Structure formats: C-alpha cells, structure tokens
There are 2 protein chains.
Amino acid sequence: MSQDSCIICHFKHYGELSDNDEALLAELEQSPTEIKGDQILWQEGDVAREFCTLSKGWAYSFRHMEDGSRQILEIYLPGDIIGLREFAFKERLTGVAMLEDGVVCHFPHRRLINVFRESLTLSAIFFAISSHQQALLTERLVNLARRSARQRLAHLIYEMYVRLERTKARDGNSIRLPLSQQHLGDALGLSSVHVSRTLTAFREEGLLLRSRQRVELPDPEALAREAEFGDAYLNDGIDHFFHH
Amino acid sequence: MSQDSCIICHFKHYGELSDNDEALLAELEQSPTEIKGDQILWQEGDVAREFCTLSKGWAYSFRHMEDGSRQILEIYLPGDIIGLREFAFKERLTGVAMLEDGVVCHFPHRRLINVFRESLTLSAIFFAISSHQQALLTERLVNLARRSARQRLAHLIYEMYVRLERTKARDGNSIRLPLSQQHLGDALGLSSVHVSRTLTAFREEGLLLRSRQRVELPDPEALAREAEFGDAYLNDGIDHFFHH
DNA sequence: CGTAATTTTGATAAGCATCAACGCTAGTGG
DNA sequence: CCACTAGCGTTGATGCTTATCAAAATTACG
C-alpha cells in the first residue's frame with residue numbers, strides 16, 4: 001500500500017486511518033471504469049442506488065431547465081465522491097457528466113451502511129465530507145445570488161485555484177481548467193457571451209490570462225480581492241474529535 | 001413516551017426507531033432554551049462546537065455581504081436540525097437567527113460521534129438528513145440562478161406549502177409565513193421592492209393572496225406550474241435500506 | 001487542409017435595482 | 001378608546017447589468 005489511491009489520500013486529509021479503515025475504503029474502489037470525456041454517468045430521474053468515486057478526470061453535476069438552459073451545480077475533481085446528495089433519495093436529482101476522459105468506481109448505497117457499522121472514523125469522515133459539500137454549495141449559492149458577473153467568475157476560478165492546491169495539481173500560478181466558456185456560464189448563471197466579455201476585461205486588466213485549457217493568475221491575491229473571496233468554507237477537518 | 005418530541009417525529013419519517021434510538025435522540029434535546037424572535041443564535045465566524053434542534057418557531061441562516069446586503073440560505077421549521085453544515089468546520093460559515101419566538105436545544109458535535117457509535121439506524125438517518133439538506137440547497141441554487149423573479153417567489157412559497165404539509169402545519173390552502181418582504185427578497189436575491197411588485201401581480205392574477213402573516217393559494221397547482229416546481233427533491237426516505 | 005465548434009464583437013432590449021415619496025398597519029402610551 | 005409613531009408595503013421614474021441575436025474571427029480536430 002505504498003501508493004495510496006485517490007480516495008484514501010482524500011480521506012487522510014480528514015484524519016488518521018487504521019489499516020481496517022483503508023481496507024474498507026479500498027473495497028469501495030473495486031471496479032474502476034474508464035469513461036470518455038463528455039460521457040454522462042447518469043441523468044436526472046435515473047434510479048439512484050450507488051455512489052461513485054472519481055479517480056481520474058474532472059466531472060460536473062447539472063440540471064436541465066424547461067427553457068433549455070442548464071445549471072452546473074458542482075465541479076468534481078479527482079478524489080471527490082459523487083452522488084452523496086442522493087443517499088436519501090430513490091431518484092437522481094441531477095445529472096452527472098465527465099469533462100474529460102477519466103476513471104470512476106461505483107459502489108452501492110448499502111455498502112455505506114456497512115462502513116457505518118465497521119468504522120466510527122469513516123462514519124465521521126463521510127459525514128464531514130457531506131458537510132463539506134454542503135459548504136461548497138452554500139458558497140456557490142451566495143456567489144450566484146449576490147455577486148456581479150466579474151465577482152462570480154473571479155470567485156469560481158480562485159476557488160479552483162485553491163482546491164487544486166490541495167490535490168497538488170497546480171503549476172506555479174497557473175492551473176489547468178478543462179471548462180469551455182459555455183460551461184463557465186452554465187455554472188455561473190451567465191451567458192457564454194458575457195463570460196467572454198468578462199474574461200477579456202480581466203485579461204486587459206492583467207488579472208487573468210487564459211489560453212486553451214490553462215488559466216494563469218498573475219496576481220492571485222488581486223483576484224481573490226476582486227471576488228471578495230473568503231476561504232473559511234474550504235478549511236475543514238475533524239482531527240479535533242479524535243486526538244482531543 | 002406518548003407525546004413524541006419534534007425531532008423524534010422528524011426522524012421517524014426516515015425509518016423505525018428502537019427504544020434505544022429514541023433514548024439517544026431524547027438526550028439530544030436535553031436543554032431546551034427559549035429564544036425571542038429576531039434573536040441571533042450565532043454569527044458567521046463564531047466557534048462551531050454544537051448543533052441545534054429547533055423545537056418551536058421558525059429560523060433562518062444567512063450571510064452578510066460586503067456591500068451590506070444579506071443572503072438568506074435556508075429556512076428552518078420546527079423539527080429541523082441546524083448547523084449540520086459546520087460539522088467539519090471550526091467556525092460558523094453562516095449566521096442563524098430566529099424569525100419568531102421559539103425553543104432550541106443545543107448539543108455538541110462530539111455527541112454525534114457517540115450516536116454514530118451506538119446506533120446504525122441513527123447514523124444512516126443523520127446522513128440522510130444531511131443529504132436532504134443538500135438537496136434543498138441544490139434546488140435553491142437552481143432557483144436563484146435560472147429562474148425569473150416570478151418563478152423564484154412562486155417556488156419558495158410552494159416549497160413552504162409542501163414542507164408544511166409534512167409537519168401538518170397547513171390550514172386548508174393557506175399557510176402561515178412569518179417572513180417580511182425584505183426576508184423574501186434576501187432569500188431570493190431580489191429587492192424588497194420587486195418582491196412587492198411581484199406579489200401584487202400574483203394577487204391580481206389570483207395566484208396568491210397575502211394578508212398579514214398568512215398566504216393563501218387559491219390554486220396550488222397553478223402556482224406549482226408557474227414555479228416549474230418539481231417535487232423530487234422533497235421525496236426522501238431510507239426505509240429501503242433496512243426492511244429489505 | 002477543411003469543417004465544426006468555440007470565442008469574440010457589436011447592437012439592441014429585457015429584467016430588475018435603486019431612489020424617493022407616499023400609504024397603510026400594528027403596536028404604543030395617554 | 002383614540003391619536004401617534006415606526007416599520008412595512010406600495011407605487012412611479014430612471015438606469016445599470018446582463019441577456020439575446022447575429023455575424024465574424026479564431027481555434028480545435030479529423
């Protein structure tokens with residue numbers, strides 16, 4: 001077990017795992033499935049009986065509206081767990097699709113009950129992850145409801161910048177961002193046209209440089225100020241429950 | 001135990017409880033505290049060490065923005081658990097305030113760990129409640145990002161109409177709604193002025209009648225259509241895990 | 001190298017915010 | 001019981017932010 005899997009690494013952020021914990025987690029990653037970019041994992045309304053761990057690639061959850069538009073709710077990075085939202089539901093509440101080629105591992109809801117039975121630490125960590133996802137959603141909601149187009153865009157990109165630091169997927173001040181302007185607009189409640197204009201403005205101001213799938217932040221702190229970014233919602237952990 | 005407490009009744013919606021489960025839950029409601037309307041339970045940034053069960057009265061969580069505006073994130077009804085969001089955090093991410101006089105019961109995060117240890121059923125139910133709250137947030141996010149002022153307002157009121165049915169706090173087609181137009185605006189990302197205009201329009205169309213703290217829905221289904229209301233996100237339950 | 005998808009740019013318009021003034025209602029003290 | 005006051009709700013006028021439509025420019029891809 002020299003090379004930790006993505007999810008084990010993710011869980012270790014929350015607390016120390018016993019060998020038994022690691023074995024239980026490894027069980028959840030039994031059946032890795034390769035998935036192509038743009039492929040849909042499930043649609044709103046599908047029967048919901050399993051979660052998914054995302055081992056490789058980016059994904060997002062979305063909702064189609066009656067007027068044909070689409071809202072992107074969450075962007076998942078490698079190591080994230082997908083579908084926690086639907087634990088208490090029989091149907092999927094949102095669709096999930098890949099942003100690029102990747103690997104996912106399915107495991108049934110019932111197996112989570114097993115985990116609850118076997119490991120107190122993992123129970124607490126799963127609960128913490130659910131609470132962390134709630135915090136991300138809350139911040140997104142505030143972002144959408146109360147901020148300008150400039151702030152929304154700055155906020156999303158800065159959030160990605162911070163989240164990618166944790167997974168060590170950052171490259172200096174530059175990150176890979178496999179999202180089209182259409183995706184960004186769908187996530188931010190903006191038209192792709194307005195996303196384009198706003199990105200142009202940021203470029204002219206030297207706040208953000210975008211080329212192909214990369215984004216460079218020449219002055220990350222200036223971007224954070226523009227976004228009125230507060231990072232409290234990303235600083236989670238439950239160590240204190242166990243090591244007093 | 002003839003008269004179930006609010007929270008036990010709430011939990012029973014998710015599954016059958018053993019006597020031990022009920023005893024554990026009763027422990028969480030040990031120290032009821034009376035709270036006046038408009039009083040603040042906690043502020044963003046306060047140390048987070050406990051949850052709260054809301055036994056009586058309505059409450060809401062909110063965030064103050066730098067420009068002085070306020071976003072209301074969640075509206076809590078009697079029986080709801082407050083503060084689950086911060087299980088994995090040391091600080092409160094949002095403030096919480098009462099909408100009217102009420103009663104709350106505090107219990108520390110650590111006691112939840114105890115519950116995890118003692119009862120598999122309650123572990124699953126707590127997880128289900130967290131997932132249900134995530135579903136509510138998701139729907140609110142979609143509402144704010146993608147719908148018009150008319151739809152947002154119709155959606156919020158119809159959601160309350162449905163949630164109040166579950167707690168049997170409905171009175172024919174009329175509900176009590178202790179929210180000012182300012183509150184509604186803060187929840188919907190609208191100015192109170194625009195809320196007023198929209199309510200007037202609904203009144204003239206016979207969709208909604210508002211007087212003092214009451215709202216009447218002469219034709220609930222018409223309102224649901226106006227809101228493009230999908231009720232999947234309210235139909236939760238985890239019975240299927242336990243009785244086969 | 002050709003074709004499709006994405007991004008950019010310009011012009012116009014919708015939706016909602018903001019400001020300001022006025023009316024109503026509920027709660028208060030005389 | 002009534003007059004007074006403060007908060008809440010209503011209405012009108014104006015303007016900003018962002019959507020929408022359409023077309024051109026660029027990039028990605030087979």
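Values reported hereafter were calculated over all heavy atoms of this structure, with side chains retained and with hydrogens, waters and symmetry mates removed. Owing to the predicted nature of the structure, the values given are computational and were not obtained by experimental measurement. Numbers restart at 1 for each chain; the letters A, B, ... are given by sequence-line order, proteins then strands.
Taking the side chain as every heavy atom from C-beta outward, B:His132 and A:Phe87 never approach each other to under 4.5 Å. Between A:Thr94 and A:Glu44 the shortest side-chain heavy-atom distance does not fall below 4.5 Å. Between B:Val162 and B:Met160, every side-chain heavy-atom pair lies at or beyond the 4.5 Å cut-off.
Remark: A:Ser192 is not in phosphate contact with C:dT7, judged by side-chain N or O atoms under 4.0 Å from OP1 or OP2. For C:dT6, neither phosphate oxygen OP1 nor OP2 lies less than 4.0 angstrom from any side-chain nitrogen or oxygen of A:Ser180. Considering only side-chain N and O atoms, B:Arg203 lies under 4.0 angstrom from the phosphate OP1 or OP2 of D:dT10. Between C:dT8 and A:Gln181, a contact under 4.0 Å exists linking OP1 or OP2 to a side-chain N or O.
Here A:Gly185 lies out of heavy-atom contact (under 4.0 Å) with every strand. Within the 4.0 angstrom heavy-atom criterion, no nucleotide atom of any strand lies near A:Val195. B:Arg152 comes within contact range of no nucleotide atom at all, as no heavy-atom separation falls under 4.0 Å.
A:Ser131 places a side-chain N or O within donor-acceptor distance of the main-chain N or O of B:Arg85, the cut-off being under 3.5 Å.
Listed nucleotides: C:dC16, D:dA28, D:dG12. Nearest to the side chain of B:Val193: D:dG12. Of the candidates C:dC16, C:dT18, D:dT18, the closest approach to any side-chain atom of B:Ala149 belongs to C:dC16. Ranking D:dG9, C:dA17, D:dT20 by closeness to the A:Ser191 side chain, first place goes to D:dT20. The side chain of B:Thr200 has D:dT11 as its nearest neighbour among D:dT11, C:dT9, C:dT7. For B:Arg197, the listed nucleotide lying nearest its side chain is D:dA13; candidates were D:dA13, D:dG9, D:dT20. Distances from the side chain of B:Leu190 to the nucleotides D:dA28, D:dG9, C:dC16 place C:dC16 closest.
Taking atom CG of A:Leu144 as the reference point, atom P of D:dT17 lies 18 Å away to the nearest angstrom.
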